[in-house]
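Data block below; observations after.
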Amino acid sequence: LQRDAKGQYLFDLLCHHLNLLEKDYFGIRFVDPDKQRHWLEFTKSVVKQMRAQPPFTMCFRVKFYPTDPAALKEEITRYLVFLQIKRDLYHGRLLCKTSDAALLAAYILQAEIGDYDPGKHPEGYSSKFQFFPKHSEKLERKIAEIHKSELSGQTPATSELNFLRKAQTLETYGVDPHPCKDVSGNAAFLAFTPFGFVVLQGNKRVHFIKWNEVTKMKFEGKTFYLYVSQKEEKKIVLTYFAPTPEACKHLWKCGIENQAFYKLEKSSQVRTVSSSNLFFKGSRFRYSGRVAKEVMESSAKIKREPPEIHRAGLVPSRSCPSITHGPRLSSVPRTRRRAVHISIMEGLESLRDSAHSTPVRSASHGDAFAGPGRSSRAESSERVAVIADESYSPADSVLPTPVAEHSLELMLLSRQANGAPCSIEEEKESEAGTPAAEAEGELRALCPGAGGLGPAQAQQVNKFVLSVLRLLLVTVGLLFVLLLLLIVLTESDLDTAFFRDIRQTPEFEQFHYQYFCPLRRWFACKLRAVVNLLIDT
């Protein structure tokens, strides 16, 4: 990868490899050595965005969930979105009732193994596959019952389409949760969906704000502010606190991008946004892609033979393993779980990053999904049951940073079925040795006195230096404007009312005759002396 290669080049290369045209919904996610998630910015150099040594490891993910995934033009696009939502379901990001969970899992089963066949699928066959980290025998029986009786004859494409239609009706469809705390110190998850801004606490959605009601987003340090203007001119400011300043900045950038993508009519309406009201302070960011309406219009013009889709059947998981549950093996028979390998061919689906976008933190299994007591209650009261816990915590499925394999191309681009396997244990070992990046060296070059500082401290110093430079630049600019105005007032023949009023004030006349005229004569004298000296030389 060339040092000056932009993110757009890498993304286009990947989409070309996948034969994907409706690519605006997707993005490339990577994780820095501090376990902070980032979306690759397409207008910037790939190498400069990384803080680790090559080969770089990145994940192909849905970045903007389609408002109506069933309306996507091409089957390849729907298949990739299906893989992402299947992964969301397993990570606990997609909350649903037990009945909905059974139907979604049955669609996945139909798409992957086809029609029920008594010769191939013995009693209890659905229990050999994991669609959620934990589920009861009753749920397994319900999944098998739906698969046997209701889905027979559906092709993989039809099952995936029905899966998308059902998933889209759920409240947490499209949620990419960012853990935060509210002003009272209560844990919450913030997320941006195709329809607006969402706040989740416990297993409930406590706030839902449509995109046209969001007037502004900004952050200062770890504090994130959301300005809302609702009906009857009611204005609200929601305040939340992220775990780190980097996580807060990432949350802000995700919000800016999502609002631009879903709210605006044209990409020409996109404006550069500042995180502060002051020019010389804070961060500036601009969304660089097309908006949802333009993407839909462009998709309608696609006219080509549908590309061939290489679906994986009974192969290692398209979801990713969990720290709290060990290697997670969706769609893998239990007899094969002891010696699991994630094939390079499954690169798109099994490259692993967390369910949210903040540093990895550990948590107990009980925080992610319902315990046995809750499971039994769920079975008896299916209407209110939720396949998640009382404390909505997708962070419990968080994984270590996906690690680099033998080359960038192997990890980024999906290979054929006979690609070399890579075990989960090997990935963890490789990750442990990930060094700090070139960006840190650049920071030290900017701040020579900060040689002993860590990456976070060096970033703080660098931000302070940039703020001071912006302040100096603004000051010099203002002085230059004042100087131009002074020259116009004293030397020009413009006789507008504004200039005339200023010239007639006693203060200006005193300044003009006592200071400006002597200074002009002195400057003219020195200039003539320099000119004469040059002529004599």
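This is a predicted model, so every value here is computed, not measured. Just so you know, these numbers use all the heavy atoms, side chains as well, and skip hydrogens, waters and symmetry mates.
- H38 is not listed as a side-chain neighbour of K253, based on a closest heavy-atom distance of 4.5 Å or more.
- Between Y173 and F195, the ring-plane angle classifies as tilted under the 30° and 60° cut-offs.
- In this structure, the separation between SG on C248 and NE2 on H178 is 10.5 Å, given to the nearest 0.5 Å.
- The pair K222-E246 does not count as a salt bridge, with every side-chain nitrogen at least 4.0 angstrom from each carboxylate oxygen.
- Of all the heavy atoms in L161 and R78, the pair that sits closest is CD1-CD, 3.8 Å.
- Under the 3.5 Å distance criterion, with hydrogens and angles disregarded, a donor-acceptor pair is assigned to the side chains of Q110 and D115.
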Take L94 and L170 through the side-chain contact (heavy atoms from CB on, under 4.5 Å) test and state the conclusion after the steps.
-> CA-CA 8 Å; L94 189 65; L170 302 176; 3.8 Å; yes

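- Using modelled atom types, one finds no donor on one side chain facing an acceptor on the other under 3.5 Å when comparing Y125 with D117.
- From H250, atom NE2 reaches atom OG1 of T244 across 10.5 Å, with rounding to the nearest 0.5 Å.
- Checked by atom type, the side-chain pair D182/Q201 shows a donor-acceptor distance below 3.5 Å.
- For the side chain to side chain contact (heavy atoms under 4.5 Å, CB included) criterion with L20, the lone passing option out of H16, K23, H17 is K23.
- Annotation for I143 and L109: closest pair CG2-CD2, 4.2 Å, computed over non-hydrogen atoms.
- The CG atom of L226 sits 10.5 Å away from atom CD of E213, with the distance rounded to the nearest 0.5 Å.
- Side-chain contact check for E140 and S126: no donor-acceptor pair (N or O, by modelled atom type) lies under 3.5 Å.
- Under the 6.0 Å distance and 45° angle rule, K63 does not count as a cation-pi partner of F26.
- Closest approach of L95 and N203 over heavy atoms only: CD1-O, 4.0 Å.
- In summary, R29 and D176 engage in a salt bridge, as defined by a charged side-chain N under 4.0 Å from a carboxylate O.
- Relative ring orientation between F224 and F192 is described as perpendicular, the plane-to-plane angle rising above 60° on a 0-90° scale split at 30° and 60°.
- A pairwise comparison of heavy atoms in F208 and V198 identifies CD1-CG2, 3.8 Å as the closest pair.
- With a 6.0 Å radius and a threshold of 12 heavy atoms from other residues, nucleotides or ligands, Y9 has its OH atom at or below the threshold.
- By the side chain to side chain donor-acceptor pair (under 3.5 Å) test, Q49 is found to be paired with no residue, residues two or more places apart in sequence or in another chain being considered.
- Atom OG1 in T215 sits 8.5 Å away from atom OH in Y227 (nearest 0.5 Å).
- A donor atom on one side chain and an acceptor atom on the other are found under 3.5 Å apart for T77 and E22.
- Counting non-hydrogen atoms of other residues, nucleotides and ligands closer than 6.0 Å to CD of E297 gives a total above 12.
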Show your reasoning for whether side-chain hydrogen bond (donor to acceptor under 3.5 Å, both in side chains) applies to N258 and Y65.
-> CA-CA 10 Å; N258 277 270; Y65 286 75; over 6 Å; no

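- Checked against the 6.0 Å centroid threshold, F219 and Y225 do not count as a close aromatic pair.
- Between L164 atom CG and T169 atom OG1 the span is 11.0 Å, to the nearest 0.5 Å.
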Worked check of salt bridge (Lys or Arg N to Asp or Glu O under 4.0 Å) between E41 and K6 | CA-CA 8 Å; E41 294 187 39; K6 298 288 194 294; over 6 Å; no

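- Closest non-hydrogen pair, P69 versus Q168, comes out as CD-CG, 3.7 Å.
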Step by step, would you call Y240 with L190 a side-chain contact (heavy atoms from CB on, under 4.5 Å)?
-> CA-CA 9 Å; Y240 292 92; L190 311 187; 3.9 Å; yes

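- Side-chain atoms of Y287 come within 3.5 Å of backbone atoms of R290 as a donor-acceptor pair (strictly under, hydrogens ignored).
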Would E257 and R286 count as a salt bridge (Lys or Arg N to Asp or Glu O under 4.0 Å) if you check the C-alpha gap in whole Å, the side-chain angles of each, and the deciding distance to 0.1 Å?
-> CA-CA 8 Å; E257 289 188 311; R286 187 177 189 275; over 6 Å; no

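- Between V46 and M58, the shortest heavy-atom contact is CG1-CE, 3.8 Å.
- In this structure, R311 satisfies the cation-pi test against Y79, with its NZ or CZ atom closer than 6.0 Å to the six-membered ring centre and inside 45 degrees of the ring normal.
- For an aromatic pair to be called close, the ring centres must be under 6.0 Å apart, and Y25 with F64 fails this.
- Taken to the nearest 0.5 Å, the OG atom of S229 stands 11.0 Å off from the CD1 atom of I209.
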